[in-house]
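Counting starts at 1 for both ligands and their atoms, following the listed order. Numbers for residues simply follow the sequence, beginning at 1. Fair warning: this is a prediction, and the values are worked out from it, not measured in the lab.
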Amino acid sequence: MYKDDKLTDKWWKNAVIYQIYPKSFKDTNGDGIGDIPGIIEKIPYLKSLGVDGLWISPLYLSPQVDNGYDITDYRMIDPMFGTNEEMYALIHEAHAAGIKIIMDFVANHTSDQALWFQESRKSKTNFFSDFYIWKDPKPDGSEPNNWGSNFGGSAWTFDAGRQQYYLHYYAAEQPDLNWENETVRQYIYDMMRFWKSKGVDGWRMDVVTSISKNLDFPDNDRDLVTSNQQNGPRMHEFIHEMNQEVLTPCDMMSVGESPAAKASDAHLLVSPEREELDMIFTFEHMHIDRKQGDINGRWALQNRDLVSLKRILSDWQMALRDNGWNALYFENHDRARVISRWGNDTTYRYECATAFATVLHGLQGTPYIYQGEEIGMVNADYDLSDYNDIELHGNYDHYVRRKQSISHDEFMRAAYKVSRDHARTPMQWSNDKNAGFSDGKPWLKINPRFSEINAKADMASERSIFKYYQTLIQLRKNNKIFLEGSYELLFPDDEHLFIYKRTLHGETWLIVANLSETMIDSPFENEKAEMMITNMGRRTLSEQLRPYEAFIARV
Ligand code: NOJ
């Protein structure tokens, strides 16, 4: 039994959460940018999918250098998305439909346009001076250390006014806040309470594991890598404080982005006794197609390794059982479309989308669906200049132009697999102009496959991915085995099959997927099984598994 036996008291444990990237979801005023009325318009769509909560990427006032992850004012909705009143109306409408709202909390950094930073850069002695991390240059005028920005180049930018460098783990326009300063922390907690007062139910916390810095500022062991930039010495203390100040008293759910967490130390963030976070997004399984330790970072790709994927997801299942909770995802606004990245998005698009959904939603934890994943949206391979993302262009400059550690072609090959913009192309609602996303010119090119892949066509199809998700979500809701059942990975070394079992009160369910393009002999002989969901109408356990065939069976 669980130590925490109040499983169902926590709404998010039995929930499926849908992520909205507002810029690309639905535009209602023809400016080519998605907006809040667009989200309101689609509440019935989301309701019919069966989701319980929406995580909405940042909508706050922002110059959009990093698409809203650079915030000027945390309490104000950016006019490009609508007004504060429209946001309050969205919260109200969602609640009326039984859907919770999770906002994005970006408190590792602000925009350089934020008043705090504008004041901070003015002098070393004003009220805001210590709101950010300022350091003197080395005697030769160079950066305080060799830390790198995630978007390429140094993590330090010199400010001529203060004659000092300020730290930014991301773009120069995203200066890192100084969490050592108690006033900064209190201001952040107040902002969270403000949104609680408007009805917000929880937070997705952007790079929350970076908020504490190593104040010795040691060099990284290689140039311009970001290894010292996670899990700083006061991270747990700050997160615990935030929990006690806001999350617990306000009863707000939290899911932290935690790039460096491993299954072995995840409990330190999510074990209920520690009163820090409810869940974290691990990056571990996202690296199964990356050459570890390669100088070209996320652009050094290799074939995805299914055995590793199974091992990592299983490690997290085992590690957090009885001691925390998993956040389950394959896609988000930073991750490419899983069927294009790790599967087949042409011949087996339906099979592949439903197979990945099956293995993810069968696990213990809270599944997150990223907009478009529920209709099998795919990567969009554009010319470099058609991509918008600051990470892609910053890294191209860094690795291809300056360092020359990777060729243009190799970089683009990787970009076609993992660029963040694949997830950010506008939502494909229909076969109409601009995929039904907008009457105006979309801010980012529409995926050219929209006439084949769109919500309307999918929902009308015999092989609807949306309908498969509907069934899968209801299956989870109606069967406690998903919430509470134990987990066991079968055939861990099999390179094609992902099979595990969930068991509760003597009943066993098998979650089975052939994540390959070949026919595979079934490892089961037992004919007697009740199919709970199947993407190919399978009836027995012992037939061969077709490419990307998946099912859940009660045995
Ligand atoms: C993680 C966010 O998900 C990503 O989109 C953003 O660029 C960085 N953090 C910086 O905020």
Side-chain angles (χ1 to χ4, degrees), residues 17 19-25 34 55-72 74 78 102-114 117 132-133 147-153 155 157 166-177 179 188 191 203-211 213 226 229-232 235 254-261 277 279-284 286-287 297-298 327 329-337 368 370-371 373 387-396 398 415 418-425 443-444:
I17 294 176
Q19 184 191 351
I20 290 183
Y21 197 65
K23 229 174 161 173
S24 296
F25 191 60
W55 150 26
I56 308 176
S57 281
L59 298 142
Y60 320 92
L61 192 69
S62 161
Q64 301 285 317
V65 168
D66 185 19
N67 284 321
Y69 284 89
D70 47 319
I71 299 169
T72 310
Y74 289 90
D78 197 295
I102 294 148
M103 299 270 277
D104 216 309
F105 163 101
V106 189
N108 175 67
H109 44 267
T110 67
S111 161
D112 64 345
Q113 300 306 305
F117 188 73
Y132 296 85
I133 297 165
W147 290 2
S149 152
N150 285 290
F151 294 160
T157 289
Y166 65 88
L167 182 66
H168 53 88
Y169 283 176
Y170 294 87
E173 295 87 346
Q174 292 167 294
D176 278 39
L177 282 165
W179 276 67
I188 290 168
M191 172 278 288
W203 296 100
R204 174 268 181 182
M205 302 192 167
D206 193 65
V207 287
V208 68
T209 47
S210 291
I211 56 180
K213 315 300 188 215
T226 54
Q229 298 168 203
Q230 292 288 329
N231 302 355
M235 172 187 79
S254 57
V255 51
E257 189 190 29
S258 179
L277 302 172
M279 301 171 249
I280 52 177
F281 287 123
T282 170
F283 282 29
E284 254 197 301
M286 284 291 130
H287 295 172
R298 65 176 301 185
Y329 77 98
F330 284 139
E331 291 184 13
N332 63 36
H333 65 293
D334 293 332
R335 304 294 172 187
R337 299 297 183 179
Y368 289 74
Y370 179 71
Q371 67 183 42
E373 194 174 4
Y387 289 117
N388 162 280
D389 184 18
I390 185 170
E391 182 197 61
L392 182 83
H393 291 290
N395 278 257
Y396 185 88
H398 182 74
V418 297
S419 157
R420 305 197 300 181
D421 274 345
H422 295 304
R424 300 176 179 188
T425 59
W443 73 278
L444 183 64

In terms of residue, atom name and distance, what is the protein heavy atom nearest to atom 8 (C) of ligand 1?
->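 Here the closest protein heavy atom is Tyr170 CE2, 3.7 Å.
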How close does the nearest protein non-hydrogen atom get to atom 11 (O) of ligand 1, and which residue and atom is it?
-> Asp206 OD2, 2.7 Å
Kindly assign one of parallel, tilted or perpendicular to the pair Phe283 and His287, based on the angle between their ring planes and the thresholds 30° and 60°.
-> perpendicular
Heavy-atom nearest option to atom 6 (C) of ligand 1, drawn from Asn332, Asp66, Asn150, Val207 |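 Going through Asn332, Asp66, Asn150, Val207 one by one, Asp66 has the nearest heavy atom to atom 6 (C) of ligand 1.
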Mark the output for [X] as yes if a heavy-atom distance to ligand 1 is under 4.0 Å, and as no if none is.
X: Phe151; result: yes
X: Arg204; result: yes
X: Arg420; result: yes
X: Arg424; result: yes

Examine the side chains of [X] and [Y] and answer whether a donor and an acceptor come within less than 3.5 Å of each other.
X: Thr72; Y: Gln113; value: no
X: Asp104; Y: Trp55; value: yes
X: Asp176; Y: Tyr166; value: no

What atoms of ligand 1 come closer than 4.0 angstrom to any heavy atom of [X]?
X: His333; answer: 2 (C), 3 (O), 4 (C), 5 (O)
X: His109; answer: 10 (C), 11 (O)
X: Glu257; answer: 1 (C), 3 (O), 9 (N)
X: Asp334; answer: 1 (C), 2 (C), 3 (O), 4 (C), 5 (O)

Residue pair His109, Asp206: steps toward the side chain to side chain contact (heavy atoms under 4.5 Å, CB included) verdict | CA-CA 9 Å; His109 44 267; Asp206 193 65; 3.6 Å; yes
On the ring face of Trp179, is Lys213 found with NZ or CZ under 6.0 Å from the centre and within 45° of the axis?
-> no
Geometric cation-pi criterion Arg424 and Tyr387, 6.0 Å radius, 45° cone = no
Determine, for Glu331 against Arg337, whether the closest basic-nitrogen to carboxylate-oxygen distance falls under 4.0 angstrom.
->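 Yes, this pair counts.
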